[in-house]
Amino acid sequence: MSLLRAFIAIELPTHVCDAIEKQTIRLRQTLGNDFIRWVPIRNIHLTLKFLGDTAASHLDFLKQMLVREADSHPQFDMQLGGLGSFPTRRNPRLLWLGIHAPPDLVSLQRGVESGASRLGYKPEDRAFSPHLTLGRVRQNTSLSELQKIRTALDTIQLGNICSARVDSVHLFKSDLQSGTPIYTKLFTAPLSKP
């Protein structure tokens with residue numbers, strides 16, 4: 001049986017990716033590449049549901065579920081801004097750009113989560129925390145390097161970067177090539193017009 005790594009996400013328009021790149025360049029330059037694996041700007045997306053290993057024969061069920069969910073949710077706008085880290089500021093492992101989530105985004109994510117659960121995918125243990133991953137801190141990062149990350153997070157402020165229109169959701173597959181994930185869009189389901 002052929003398996004692919006799949007996820008459901010919101011794709012960002014080119015002008016939004018350009019704004020993120022422009023606003024985060026100082027952070028990227030300050031921290032460099034030695035202990036941060038930066039996400040390529042064109043790979044940044046908002047994950048609604050990570051599905052993991054998925055049988056190719058299961059894709060049609062996922063597409064049908066996505067069409068149902070997307071059709072029952074209206075298009076909406078979300079604001080991007082703010083900088084933070086997971087799991088905590090003191091112990092940064094993932095650097096993120098914040099999303100000021102409207103109720104429509106939360107409702108859409110819950111619908112996708114519920115639909116995926118009905119198809120047999122394991123529900124997420126953690127509450128939905130909308131964010132865009134900018135970079136991941138490498139393993140074995142020294143205490144002084146972690147301090148440099150904390151200082152950058154404390155001194156570099158990212159206010160309101162831009163607004164992004166969400167008009168569809170997508171099913172993607174992820175392939176690792178030379179350590180970098182390549183995302184391929186498999187299916188798009190448009191949200192309903194308000």
Side-chain angles (χ1 to χ4, degrees), residues 1-14 16-17 20 37-78 80 84-87 93-139 164-192:
M1 174 177 15
S2 118
L3 291 176
L4 47 94
R5 285 177 65 78
F7 62 94
I8 296 167
I10 293 169
E11 186 177 48
L12 301 174
T14 302
V16 172
C17 291
I20 292 170
R37 274 189 352 262
W38 297 105
V39 174
I41 293 293
R42 300 296 175 231
N43 274 4
I44 294 177
H45 60 274
L46 172 56
T47 302
L48 298 176
K49 175 68 180 169
F50 177 73
L51 301 166
D53 290 336
T54 301
S57 60
H58 211 234
L59 293 179
D60 282 341
F61 297 111
L62 286 166
K63 291 174 184 178
Q64 290 169 24
M65 179 274 290
L66 266 187
V67 167
R68 268 194 315 275
E69 286 306 322
D71 198 45
S72 66
H73 289 86
Q75 298 178 10
F76 59 90
D77 293 314
M78 59 184 185
L80 279 54
S85 62
F86 289 137
R93 292 288 155 210
L94 182 143
L95 306 182
W96 52 255
L97 176 65
I99 295 175
H100 304 289
D104 288 330
L105 173 59
V106 175
S107 174
L108 174 62
Q109 189 278 332
R110 282 189 185 139
V112 167
E113 180 72 52
S114 175
S117 182
R118 285 193 301 276
L119 290 175
Y121 292 91
K122 186 177 182 282
E124 185 60 50
D125 295 334
R126 296 171 294 200
F128 180 54
S129 179
H131 66 279
L132 303 174
T133 301
L134 297 174
R136 291 176 176 80
V137 179
R138 296 183 192 276
Q139 296 292 327
R165 182 76 174 164
V166 178
D167 59 9
S168 55
V169 291
H170 310 279
L171 176 63
F172 287 92
K173 75 171 182 163
S174 174
D175 295 299
L176 268 184
Q177 292 181 2
S178 304
T180 302
I182 304 297
Y183 301 140
T184 306
K185 198 184 310 176
L186 301 175
F187 183 73
T188 297
L191 299 180
S192 65

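Quantities reported herein were computed from a predicted structural model and do not represent experimental measurements.
Looking only at distances, no side-chain donor or acceptor of D104 sits under 3.5 Å from a matching main-chain atom of P74. The backbone N or O of E124 lies less than 3.5 Å from a partner atom in the side chain of E113, making a donor-acceptor pair.
Counting only heavy atoms from C-beta outward, the side chains of V112 and Q109 never approach each other to under 4.5 Å. L105 has its side chain within reach of L48: a pair of non-hydrogen atoms, C-beta onward, lies under 4.5 Å apart. Counting only heavy atoms from C-beta outward, the side chains of R42 and L12 never approach each other to under 4.5 Å. Proximity of H73 to V166: side-chain heavy atoms (C-beta onward) are nowhere separated by under 4.5 Å. Residues L191 and L108 form a side-chain contact, since some pair of their non-hydrogen atoms from C-beta on lies under 4.5 Å apart. A heavy-atom distance below 4.5 Å is found between the side chains of M78 and P102. In this structure the side chain of L59 reaches within 4.5 angstrom of the side chain of L4, judged on heavy atoms. With a 4.5 Å cut-off on side-chain heavy atoms, H58 and L51 do not count as touching.
The CD1 atom of I182 sits 6.5 Å away from the CG atom of N43 when rounded to the nearest 0.5 Å. Between the NE2 atom of H100 and the CG atom of D77 there is a distance of 13.5 Å, given to the nearest 0.5 Å. Residue E69 holds its CD atom at 13.0 Å from CD of Q64, rounded to the nearest 0.5 Å. Atom-to-atom distance recorded for L80:CG and I20:CD1 is 5.0 Å, nearest 0.5 angstrom. The distance from the CZ atom of F172 to the CD1 atom of I8 is 11.0 Å, given to the nearest 0.5 Å. Interatomic distance, CG of L3 versus OG of S57, reported as 9.0 Å (0.5 Å rounding).
Annotation: side-chain hydrogen bond (donor to acceptor under 3.5 Å, both in side chains) contacts involving residues 4-14, sequence neighbours excluded, comprise E11-K185.
Contact between I10 and S168 at its shortest, heavy atoms only, is CG1-O, 4.3 Å. Here the shortest heavy-atom pairing between P181 and L176 reads N-CD2, 3.7 Å. Taking each heavy atom of L171 and A6 in turn, the nearest pair found is CD1-CB, 4.3 Å. Scanning both residues, A164 and V16, for their nearest heavy atoms gives CB-CG2, 3.8 Å. Closest approach of L95 to S85, counting heavy atoms only: CD2-CB, 4.0 Å. Residues W38 and L134 approach most closely at CE3-O, 3.4 Å, considering heavy atoms.
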key: side chain to side chain contact (heavy atoms under 4.5 Å, CB included) evaluation trace for L62 with F187   = CA-CA 9 Å; L62 286 166; F187 183 73; over 6 Å; no

ask   = Step by step, would you call R110 with S114 a side-chain hydrogen bond (donor to acceptor under 3.5 Å, both in side chains)?
value = CA-CA 6 Å; R110 282 189 185 139; S114 175; over 6 Å; no

message = Go through it in stages, so that I can follow the logic: the residues are T133 and F86, the test is side chain to side chain contact (heavy atoms under 4.5 Å, CB included), and I'd like the CA-CA distance, side-chain angles, deciding distance and then a yes or no.
response = CA-CA 10 Å; T133 301; F86 289 137; over 6 Å; no

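Remark: F128 engages no residue in a ring-ring contact (aromatic ring centres under 6.0 Å, His included) (not counting sequence neighbours). By the ring-ring contact (aromatic ring centres under 6.0 Å, His included) test, H45 is found to be paired with F7, Y183, residues two or more places apart in sequence or in another chain being considered.
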